[in-house]
Visitor: 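The structure that follows is given in the form of structure tokens.
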Amino acid sequence: MPTAHRGAIVAVVTLLALSFLCLAVGLAAAPRPRLWLIAGWAAGACGSAIALVRLFREARGRAVADHALEHREARLRGILDSAMDAIITVDDAQRVVMFNNAAEKMFGWSRDEAIGQPLGAFIPDRYRHAHAQHVARFGDANATSRRMGGSLRIVTGMRRNGEEFPIDASISKTEESGRRFYTVILRDITARIAAEEALRKSKDELQALGAAAHMTREQEKSRIARELHDELGQLLTMLQMDVVWCKEKLPYGNESFEARLDRMEGLLKGTIAATRRIASDLRPLMLDDLGLVPSLEWLIENFSQRTGIACRLDIPARDLALPKAHATAIFRIVQESLTNIAKHANAQHATIAIEQDDDALVVRVEDDGVGFPTDAPRKPNSFGLFGLRERASLMGGEATIASTPGKGTKVVVRVPREAMAAA
């Protein structure tokens, strides 16, 4: 109970005690006609007693309310100081009225030093004006909370020593007794930004390594394919010619030896055909000699003959001038798409289209097969669609796969023109 209230109560109690003492003396000595005066005195004493009780109750109620308020404030301070994020509250003049422990650690200011400081003291000078306008606009808006920093949601803070650091921040507003207060919750994301930068750098390095690995593999395939086609093919052809010569020189009537030579000739023809097929699968030599369009025509014709799936190639501009790496990647994308169709689609028709406009090169491969749910988990050791996306990414483009069960599949690869120009 406040000291003033205690003093008033003591004074009133003393006054009542004296009043009752005097009343008792007066009743004993006063003549009967003055009893009315004594009664009036007694009534005044009773009124004072009632006032004393009322004053006591009011003082006690205020004391209980003040104690409860102090308890709530202490509990709120405890909650705010235990928060891991920095929390700062400013008034409508954008001056700090609340500063928790995390804010002290983040900015290097003590609570006593920060209270009363403008919010701009914690922001680099070049951002202060724009930040003050942002807070003012938020105050006039209907929203009660929002992220700070625009679409990136990142703002720049400044420690007391002048060091700048990135912050993820949100702001909310409240009104109390006609005044507006803004509460900002901040999180230091220096470590997160560094981790994201390291991840981006690692991804770029992996892409560069992947591109180099793809190019090395294609070069190795081209070397092996040419050796199979030229050297092994020539040797097998010479053996075939020798078998023909032996058949011509074979004496008449030696049927068993002639049958063996016929078998040898058949095996040689099959081996030559298998060698050419393996060489073409490794890398069609016409891709280097004749270009992308003739290679795709050969690929699609060979695919239709082997699978029985009718294919249509639609290339309006047949004189596609592409970098060697991009031509190889597009050929492989079409080849892998057709392989997926043959393995999984159970399709009757397929369409391959290549279009080139002012912005990008677009490759489309569509089929009318069984389709599949695109949100289904990838099967273990299944890298077909993943390989398509990876090849598109290595070219600086992107691949999208759209499919619905029962309605076929559509693969679209889009490579920006600037990516091809930079190759």
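What you see below is based on every heavy atom in this structure, not just the backbone, and it leaves out hydrogens, waters and symmetry mates.
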Visitor: Taking the side chain as every heavy atom from C-beta outward, state whether L236 and M238 have any atom pair closer than 4.5 Å.
Guide: no
Visitor: Looking at Q335, is its backbone amide N or carbonyl O close enough to the side chain of T339 to form a donor-acceptor pair, meaning the two atoms are under 3.5 Å apart?
Guide: yes
Visitor: May I ask you to check whether over 12 heavy atoms, not counting those of E164, lie within 6.0 Å of atom CD?
Guide: yes
Visitor: Return the minimal non-hydrogen interatomic distance between A103 and I88, and the atom names on each side.
Guide: CB-CG1, 4.1 Å
Visitor: Distance from L292 atom CG to F331 atom CZ, nearest 0.5 Å?
Guide: 8.5 Å
Visitor: Distance-only, no hydrogens or angles: does the R95 side chain make a donor-acceptor pair with backbone N or O of Q117 under 3.5 Å?
Guide: no
Visitor: Got a second to check how far L322's CG is from Q356's CD, nearest 0.5 Å?
Guide: 6.0 Å
Visitor: What pair of heavy atoms forms the shortest contact from P416 to A360, and how long is it?
Guide: CA-CB, 3.9 Å
Visitor: Nearest 0.5 Å, what's the CG-CG distance between L268 and L239?
Guide: 5.5 Å
Visitor: When you measure from the side chain of N100 to the backbone of I87, do you find a donor-acceptor pair of N or O atoms at a distance under 3.5 Å?
Guide: yes
Visitor: Could you pull out the closest heavy-atom pair between M395 and A329, with the gap in Å?
Guide: SD-CB, 3.5 Å
Visitor: Side chains of Q94 and V135: closer than 4.5 Å at any heavy-atom pair?
Guide: yes
Visitor: Should the pair K173 and F138 be classed as cation-pi, given the thresholds of under 6.0 Å to the six-membered ring centre and 45° from the axis?
Guide: yes
Visitor: Is the closest basic N to carboxylate O distance between D204 and K201 below 4.0 Å?
Guide: no
Visitor: Quick one about E113 and S110 (side-chain donor to acceptor, distance below 3.5 Å, no hydrogens or angles considered), yes or no?
Guide: yes
Visitor: Does R179 pair with D91 as a salt bridge, N-O distance under 4.0 Å?
Guide: yes
Visitor: Could you check whether any side-chain N or O of T275 sits under 3.5 Å from a backbone N or O of T271, counting only pairs where one atom can act as donor and the other as acceptor?
Guide: yes
Visitor: Output yes when D168 and R187 qualify as a salt bridge under the 4.0 Å nitrogen-oxygen rule, no when they do not.
Guide: no
Visitor: If you measure from the Lys or Arg side-chain nitrogens to the Asp or Glu carboxylate oxygens, is any gap between R200 and E196 under 4.0 Å?
Guide: no
Visitor: Would you find a donor on one side and an acceptor on the other, under 3.5 Å apart, between the side chain of R414 and the backbone of G397?
Guide: no
Visitor: Thinking salt bridges, do E398 and R389 make one under a 4.0 Å N-O criterion?
Guide: no
Visitor: Hey, is the main chain of G408 close enough, under 3.5 Å, to the side chain of D368 for a donor-acceptor pair?
Guide: no
Visitor: Can you name the closest pair of heavy atoms from I115 and M98 and give their distance?
Guide: CD1-N, 3.8 Å
Visitor: Does a side-chain heavy-atom distance below 4.5 Å link D367 with T351?
Guide: no
Visitor: I need the K343 NZ to E336 CD distance, nearest 0.5 Å.
Guide: 10.0 Å
Visitor: Are any of the side-chain nitrogens in D188 or K105 under 4.0 Å away from the carboxylate oxygens of its partner?
Guide: no
Visitor: Give a yes or no answer on whether the side chain of S304 reaches the backbone of I309 with a donor-acceptor pair at less than 3.5 Å.
Guide: yes
Visitor: Can you confirm whether M106 sits close enough to F122 that some side-chain heavy atom of one is under 4.5 Å from a side-chain heavy atom of the other?
Guide: no
Visitor: Does any donor atom in the side chain of S172 or T183 lie under 3.5 Å from an acceptor atom in the other side chain?
Guide: no
Visitor: Is it the case that the side chain of E104 and the backbone of R111 share a donor-acceptor pair, with hydrogens and angles ignored and the cut-off at 3.5 Å?
Guide: yes
Visitor: Check the angle between the aromatic planes of F107 and F99 and answer parallel, tilted or perpendicular using the 30° and 60° thresholds.
Guide: tilted
Visitor: H129 pairs by side chain to side chain donor-acceptor pair (under 3.5 Å) with which of Q133, R126, H131?
Guide: Q133
Visitor: How close do L361 and I330 get, heavy atom to heavy atom, and via which atoms?
Guide: CD2-CD1, 3.1 Å
Visitor: What closest approach, in Å, do Q240 and I272 show between heavy atoms, and which atom pair accounts for it?
Guide: OE1-CD1, 3.4 Å
Visitor: Short question: side chain of R312, backbone of A350 - any donor-acceptor pair under 3.5 Å?
Guide: no
Visitor: Between the main-chain N or O of P373 and the side-chain N or O of S403, is there a donor-acceptor pair closer than 3.5 Å?
Guide: no
